[in-house]
2 protein chains.
Amino acid sequence: MIPAMPPYEPSAYPPFAVTVDLVVLTVRRHALSALIVRRGEAPFQGRWALPGGFVRAEEDLAEAAARELAEETGLHTHGPVADDAPAYAAHLEQLATYGDPKRDPRMRVVSVAHLVLAPDLPAPRPGGDVGGARWAPVETLVGPAADDGQEHPPLAFDHRRILADGVERARSKIEYSSLATAFCPQEFTVGELRRVYEAVWGVALDPRNFHRKVTGTPGFLLPTGGTTTRQGGRPAQLFQAGGATLLNPPMLRPEV
Amino acid sequence: MIPAMPPYEPSAYPPFAVTVDLVVLTVRRHALSALIVRRGEAPFQGRWALPGGFVRAEEDLAEAAARELAEETGLHTHGPVADDAPAYAAHLEQLATYGDPKRDPRMRVVSVAHLVLAPDLPAPRPGGDVGGARWAPVETLVGPAADDGQEHPPLAFDHRRILADGVERARSKIEYSSLATAFCPQEFTVGELRRVYEAVWGVALDPRNFHRKVTGTPGFLLPTGGTTTRQGGRPAQLFQAGGATLLNPPMLRPEV
DNA sequence: GCAAAAGTGTTATTTATACACCCATGC
DNA sequence: GCATGGGTGTATAAATAACACTTTTGC
């Protein structure tokens with residue numbers, strides 16, 4: 001990019017650093033879990049945080065998010081970004097931007113948070129400069145139990161708030177979209193999909209009505225022809241995500 | 001803010017400028033309309049654009065958005081920001097962030113777009129350095145008719161895309177929240193609220209079923225006791241927005 | 001009286017809910 | 001056989017959609 005025009009008056013634009021932070025969610029052992037990494041450097045050295053990093057000079061925001069995701073987990077994405085989806089592909093979307101002047105003690109940093117929904121993975125593959133990575137059930141990080149500090153000390157920066165916003169987005173978005181399938185392997189059963197909803201919402205759903213609902217929504221599920229007994233019991237049909245992204249009518253989340 | 005810690009390694013964080021852009025929507029003469037301003041300086045000098053400006057050094061993002069809104073329109077906000085609501089108060093929320101490396105020809109600018117929903121105002125009050133401001137029906141800016149350039153030349157930067165995202169957000173959000181009342185004056189009738197839905201969605205709604213629905217949703221509307229005949233016909237009860245923000249069950253947008 | 005907008009009643013249709021019940025496998 | 005999860009049927013309740021009809025104003 002050649003600046004053909006004179007640059008802006010410098011006093012008009014205080015310099016910011018821009019980062020991307022990632023809320024990476026999956027369902028593990030019936031619990032909605034988030035990926036956290038241990039910080040290797042100040043500030044908040046040694047504390048758990050969301051994965052993320054600085055946006056590079058010539059990089060789009062979604063690009064930066066996908067790069068950080070790949071660097072820190074080995075995950076690739078479909079969704080708004082690329083479509084060279086390999087074995088494990090995850091959904092990525094922008095979540096929100098956090099810019100409190102004091103959110104980073106060192107300098108003015110604006111963080112563009114992204115939400116990633118991923119299937120249950122073999123194991124987190126920490127890479128680069130992070131000192132460790134793990135999946136933690138979100139209740140231990142944002143719920144009331146997160147305050148007693150039993151499982152984890154509070155997340156660095158404003159990451160608890162960002163995580164809470166990401167969890168809320170995921171919980172509401174699976175109501176009216178087919179995004180819950182992003183938590184499933186490529187082929188899955190109706191029961192497995194139901195257990196995703198139950199884990200994300202923290203409720204119990206009627207298996208019979210759920211089955212009718214999802215199989216009756218056009219474009220939601222595509223039968224692959226195969227069956228499996230990996231959950232025990234009678235063999236279940238295997239499905240993959242159909243093309244539809246919006247569910248109409250939506251899945252109804254039971255009242256509290 | 002005193003940097004007690006040594007600053008980050010400069011090579012790690014390329015400097016960005018951060019701006020806020022505003023999608024300010026209202027309903028005027030049965031049409032969903034957006035506020036646009038004429039740019040007084042390069043780049044895109046003389047072209048129409050969304051109102052906005054640089055975020056200051058010690059300013060939060062929502063704060064910057066509220067400031068720009070007040071500067072360029074005289075509007076104040078309730079919602080996530082302050083609550084010193086004067087005569088005309090508008091709803092403000094963050095929309096999304098746009099950071100394509102080439103979106104501004106001069107330098108790397110990340111824009112945090114905000115969505116503002118305002119009641120029909122007396123007149124736009126352009127202030128500061130803008131060369132003019134007006135309300136334009138959104139179809140003339142983002143619809144298929146926007147391409148023939150009859151009404152307006154294309155908006156500056158990526159503002160057409162930002163506006164389209166804001167319109168889409170408003171259209172879907174009035175389905176499941178009470179936000180449509182932000183388009184109404186403080187006191188309004190059921191018919192006026194229905195015409196807001198009709199304008200935003202571009203559909204016709206059954207006045208009888210609409211009336212039952214909104215008056216039957218607890219917390220949506222609060223009767224003020226007064227009546228008005230300003231729309232003609234039989235006097236209509238006046239309401240103000242009730243406390244509820246989420247509508248359950250939602251308003252149903254008729255299929256295309 | 002007449003037009004216009006507000007508001008109520010009624011009915012058919014669709015959708016959600018809560019179950020009873022049968023099916024096909026592993027052990 | 002029996003436990004386990006998969007899947008179908010059905011009755012009831014609730015929400016939606018369509019529209020006839022009455023009410024209260026301005027002119």
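Note that this is a predicted model, so its numbers are computed, not measured. Quick note on labels: first sequence line is chain A, next is B, and so on, each numbered from 1.
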Hey, are the side chains of [X] and [Y] touching, using non-hydrogen atoms and a 4.5 Å cut-off?
X      : Y      : result
B:F220 : B:L193 : yes
B:V196 : B:F188 : no
A:H114 : A:V23  : no

Please report the distance, rounded to the nearest Å, between [atom1] in [X] and [atom2] in [N].
X      : N      : atom1 : atom2 : value
B:L193 : C:dG7  : CG    : P     : 12 Å
B:L252 : C:dT13 : CG    : C1'   : 15 Å
B:N209 : C:dT10 : CG    : C1'   : 12 Å
B:R234 : C:dG7  : CZ    : C1'   : 5 Å
A:L205 : C:dC19 : CG    : P     : 15 Å

* Asked: Hey, mind stepping through B:Q237 and B:T227 against side-chain hydrogen bond (donor to acceptor under 3.5 Å, both in side chains) and telling me if it holds?
  -> CA-CA 4 Å; B:Q237 277 186 269; B:T227 62; over 6 Å; no
* Describe the nucleic acid contact of A:R195 in one word from base, sugar-phosphate, nothing, applying a heavy-atom distance below 4.0 Å. =>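 Touches sugar-phosphate only.
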* Asked: With a non-hydrogen cut-off below 4.0 angstrom, is A:R230 in contact with a base, only sugar-phosphate, or nothing?
  ->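 No contact.
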* Is the shortest side-chain N to carboxylate O distance from A:D165 to A:R169 below 4.0 Å? ->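 Looking at A:D165 and A:R169, the cut-off is not met.
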* Asked: Taking the nucleotide of DNA chain C with the closest heavy atom to each, which residue, A:D206 or B:V190, is nearer the 5' end?
  ->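 The residue whose closest nucleotide sits nearer the 5' end is B:V190.
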* Just by distance, with hydrogens left out, do A:T26 and A:D120 show a side-chain donor and acceptor under 3.5 Å apart? -> no
* **Test item: side-chain donor near acceptor, A:D21 and A:Y98, under 3.5 Å** => no
* Say whether, by atom type as modelled, one donor and one acceptor occur between the side chain of B:W201 and the main chain of B:R171 under 3.5 angstrom. => yes
* To do: Check A:V24, A:L117, A:T77 against A:L92 for a side-chain contact (heavy atoms from CB on, under 4.5 Å) and give me the one that passes.
  =>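 Filter result, single survivor: A:T77.
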* Nucleotide range of DNA chain D contacted by chain B, 5' to 3', under 4.0 Å to a heavy atom? ->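 Here the contact window of chain B covers D:dT16 to D:dT25.
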* To do: Taking only heavy atoms on the protein side, list every residue of residues 210-226 of chain B lying under 4.0 Å from any atom of DNA chain D, sorted numerically.
  =>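 Per residue number, the list reads B:R212, B:K213.
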* Heavy-atom donor-acceptor pair, A:R208 side-chain to C:dA20 base, under 3.5 Å -> yes
* Structure fact -> Closest to the side chain of A:P235, out of C:dA24, C:dA18, C:dT8, is C:dA24
